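Here's the structure we're looking at; comments come further down.
Since the structure is predicted, the reported quantities are computational estimates derived from the model, not experimental observations.
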Amino acid sequence: MTTAVERSAAAPVPGLRPARSAARRPPAEEPGRSPWRRVLFVAALVGAAVIFMLPFVWLVSASLRPREYVFAPGFLPLPFAPENYAEAWRAVPLLTWFGNSVVVGVAAATAVTLSSAWVAFGFAYFRFPGRNLLFGLVLATMMLPFAVTMIPTYLIWSNLGLTNTQVPLWAGNLFGSAFYIFLLRQFLLSLPREYFEAARVDGASYPQLFWKMAFPLIRPALLVAFVFEFKASWTDLLKPLIYLRDEQLYTLPRGLKVVLDRFGYGGEQQWEIVLAGSVLATIPMIILFFLAQRHFVEGIATTGRKG
């Protein structure tokens with residue numbers, strides 16, 4: 001039996017509306033936060049984007065001008081000469097070099113992503129004496145310049161008879177990369193360890209832990225590593241200069257060096273062909289970033305966050 005006090009407390013008071021729940025209240029704005037700060041922040045971002053885009057805009061504009069107007073001031077392609085791209089396509093085997101770059105880039109990115117992920121999983125999951133010391137030694141290899149290992153690495157590939165082939169351009173990535181091992185290890189450390197322990201109790205093997213549990217969960221970080229390495233392979237000139245002799249095996253950076261030597265400095269001064277080839281070599285990287293932009297940004301934002 002309810003008392004009169006309980007009934008009066010339960011009854012609504014006339015003329016008063018029930019208070020909204022705290023969950024439905026709009027968040028209060030921070031004191032002293034001015035909308036002008038947001039405007040200035042956006043303006044700074046737009047200004048920085050414009051500054052970084054100006055060289056590429058000039059490159060595209062200059063590649064669409066006749067030879068005598070390539071270095072004319074301004075950003076408008078006047079006079080307009082789109083036939084420069086057709087001339088560049090006919091002058092050198094760009095399609096062959098493009099295909100070589102795709103093959104080498106995909107092989108290099110796939111090799112370093114999978115091998116680095118496997119090593120990173122070992123450092124993140126297993127607890128063994130000297131783990132931190134061994135991980136520190138792996139990171140210390142990033143301090144070695146490429147010039148230090150360039151000659152010994154060349155001698156290895158030469159003794160294997162693989163010079164003037166595309167194998168040295170990507171096969172070294174089968175041993176992983178210290179940077180990607182660190183990147184993927186930090187991402188793996190953010191995963192709850194209880195998931196893997198429960199799978200071990202159910203009888204899952206270590207390869208199953210990696211391929212069926214860790215691999216799908218770290219997909220954004222894997223995509224970051226893949227895109228980084230693909231871009232590094234796509235723009236690499238030093239390795240093709242060292243190992244490739246046959247023009248049919250050239251990648252795009254090595255081919256652009258041929259274009260620069262033939263039509264640029266010391267050549268016929270046909271800079272419109274050089275610039276057109278440079279634009280054609282840059283566009284695939286822009287397309288790749290826009291296709292993978294959402295996953296790429298997600299991987300960058302979540303990698304290194306442990307908790």
Side-chain angles (χ1 to χ4, degrees), residues 40-106 108-109 223-241 250-301:
L40 292 176
F41 179 72
V42 174
L45 289 180
V46 172
V50 170
I51 292 174
F52 279 101
M53 288 177 60
L54 279 179
F56 183 71
V57 172
W58 179 88
L59 176 66
V60 174
S61 174
S63 67
L64 292 170
R65 302 174 186 173
R67 185 180 310 174
E68 58 272 16
Y69 294 96
V70 167
F71 296 105
F75 290 94
L76 294 179
L78 298 175
F80 189 61
E83 62 272 9
N84 294 339
Y85 286 87
E87 182 63 27
W89 199 267
R90 289 191 299 265
V92 290
L94 282 176
L95 184 60
T96 301
W97 298 341
F98 179 86
N100 293 337
S101 290
V102 171
V103 171
V104 171
V106 171
L223 184 60
V224 170
F226 185 92
V227 172
F228 273 0
E229 185 60 28
F230 188 86
K231 183 263 177 187
S233 175
W234 188 270
T235 58
D236 184 26
L237 174 62
L238 188 55
K239 286 183 181 179
L241 277 173
Y250 286 176
T251 57
L252 269 177
R254 182 66 181 90
L256 289 179
K257 180 65 169 60
V258 173
V259 174
L260 182 62
D261 294 338
R262 186 180 303 174
F263 300 100
Y265 294 113
E268 303 174 14
Q269 300 294 317
Q270 294 178 319
W271 288 103
E272 72 280 3
I273 297 180
V274 177
L275 299 178
S278 301
V279 172
L280 293 174
T282 307
I283 289 176
M285 284 294 95
I286 299 175
I287 296 175
L288 175 64
F289 177 78
F290 276 104
L291 290 178
Q293 181 180 9
R294 182 173 64 88
H295 301 286
F296 182 78
V297 173
E298 178 185 355
I300 289 292

Would you give the length of the straight line joining atom [atom1] of [X] to atom [atom2] of [Y], rounded to the nearest 0.5 angstrom?
X: L275; Y: F263; atom1: CG; atom2: CZ; value: 13.0 Å
X: D261; Y: L256; atom1: CG; atom2: CG; value: 11.0 Å
X: R65; Y: N84; atom1: CZ; atom2: CG; value: 11.0 Å
X: T251; Y: K257; atom1: OG1; atom2: NZ; value: 13.0 Å

>> Pair L78, Y69 - check side-chain contact (heavy atoms from CB on, under 4.5 Å), show working.
In response: CA-CA 8 Å; L78 298 175; Y69 294 96; over 6 Å; no
>> I'd like to know whether V46 forms a side-chain contact (heavy atoms from CB on, under 4.5 Å) with V42, so could you lay out the CA-CA distance, the side-chain angles of the two residues, the decisive distance to 0.1 Å, and finally the verdict.
In response: CA-CA 6 Å; V46 172; V42 174; 4.3 Å; yes
> Taking the inter-plane angle between the rings of Y250 and W97 on a 0 to 90° scale, is it parallel (under 30°), tilted (30 to 60°) or perpendicular (over 60°)?
Replying inline: tilted
> Is the closest side-chain heavy-atom distance between L59 and F56 below 4.5 Å?
Replying inline: yes
> Side chains of L260 and W271: closer than 4.5 Å at any heavy-atom pair?
Replying inline: yes
> Nearest heavy-atom pair of A88 and G277: which atoms, and what distance?
Replying inline: CB-N, 4.4 Å
>> For a quick test of reading the model, state the closest non-hydrogen atom pair linking V102 to F230 and the distance between them.
In response: O-CE1, 4.2 Å
Donor-acceptor pair, [X] side chain versus [Y] backbone, under 3.5 Å?
X: S101; Y: L252; result: yes
X: R262; Y: V92; result: no
X: T235; Y: K231; result: yes

>> Between R254 and N100, does the side-chain contact (heavy atoms from CB on, under 4.5 Å) criterion hold? Intermediate values first, please.
In response: CA-CA 11 Å; R254 182 66 181 90; N100 293 337; over 6 Å; no
> Just wondering, are more than 12 heavy atoms of other shown residues or ligands nearer than 6.0 Å to CZ in F41?
Replying inline: no
> Is the W89-Y85 ring centre distance short of 6.0 angstrom?
Replying inline: no
> Would V104 and S233 count as a side-chain contact (heavy atoms from CB on, under 4.5 Å) if you check the C-alpha gap in whole Å, the side-chain angles of each, and the deciding distance to 0.1 Å?
Replying inline: CA-CA 7 Å; V104 171; S233 175; 3.6 Å; yes
